[in-house]
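Each remark here refers to the structure printed beneath this line.
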Amino acid sequence: MQGNYQKAATSPLIESFSIIGMYGYRDLTLSSPTAASVVIAPNGAGKTTLLNVLNSILTRRYAKLIN
């Protein structure tokens, strides 16, 4: 099945999202050419933090980003 896939018909809301200097030492980037993505990384890599920050920005809850 290699190479046998279809690109999602819906364009992504956000094509690329980055956090630079998270916790003072880590940079995270999420890039996706499709409307849906699966995030896979080791424990402690920042998956939940990345999604929480993205959610705070999309819902305009900027006060959550201060901490």
Subject >> Verdict with reasoning, Leu28 to Arg26, per side-chain contact (heavy atoms from CB on, under 4.5 Å) >> reply: CA-CA 7 Å; Leu28 297 174; Arg26 182 172 285 172; 3.8 Å; yes

Subject >> Hphob cluster co-occupancy, Phe17 + Tyr23, side-chain heavy atoms under 4.5 angstrom >> reply: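 Per the 4.5 Å side-chain linkage, Phe17 and Tyr23 are co-clustered.
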
**OP:** Answer with yes or no whether the hydrophobic clustering places Ile20 together with Val53; edges join I, L, V, M, F, W, Y residues whose side-chain heavy atoms lie under 4.5 Å apart.
**Re:**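 Per the 4.5 Å side-chain linkage, Ile20 and Val53 are not co-clustered.
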
Original post:
Val38: which other cluster members, linking ILVMFWY side chains closer than 4.5 Å, directly or transitively?
Top reply: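 Besides Val38, the hydrophobic cluster comprises Ile40, listed by chain and residue number.
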
**OP:** Starting from Leu51, walk the hydrophobic network (Ile, Leu, Val, Met, Phe, Trp, Tyr; side-chain heavy atoms closer than 4.5 Å) and list everyone else you reach, by chain and number.
**Re:**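 Reading the cluster by chain and number, Leu51 sits alone, since nothing else belongs.
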
Original post:
Looking only at atom types and distance, does a side-chain atom of Lys47 sit under 3.5 Å from a main-chain N or O of Ala41, one as donor and one as acceptor?
Top reply: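 Yes; at least one donor-acceptor contact below 3.5 Å.
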
Subject >> Heavy-atom closest pair, residues Ser32 and Pro12 >> reply: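 The pair with the smallest heavy-atom distance is O-CG, 3.7 Å.
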
Original post:
Excluding sequence neighbours, so at least two apart, what forms side chain to side chain donor-acceptor pair (under 3.5 Å) with Thr29?
Top reply: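 Here the qualifying residues are Ser18.
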
**OP:** Using side chain to side chain donor-acceptor pair (under 3.5 Å) as the criterion, list what pairs up with Ser56, not counting sequence neighbours.
**Re:**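 With neighbours one apart ignored, the set is empty.
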
Subject >> For Arg61, side chain to side chain contact (heavy atoms under 4.5 Å, CB included) partners two or more places apart >> reply: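 Only Thr59, Lys64 meet the side chain to side chain contact (heavy atoms under 4.5 Å, CB included) criterion with Arg61.
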
Original post:
Residues in side chain to side chain contact (heavy atoms under 4.5 Å, CB included) with Thr48, at least two apart?
Top reply: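 Thr48 satisfies side chain to side chain contact (heavy atoms under 4.5 Å, CB included) with Asn52 once adjacent residues are dropped.
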
Subject >> side-chain contact (heavy atoms from CB on, under 4.5 Å) assessment of Ile19 paired with Asp27 >> reply: CA-CA 6 Å; Ile19 301 173; Asp27 296 340; over 6 Å; no

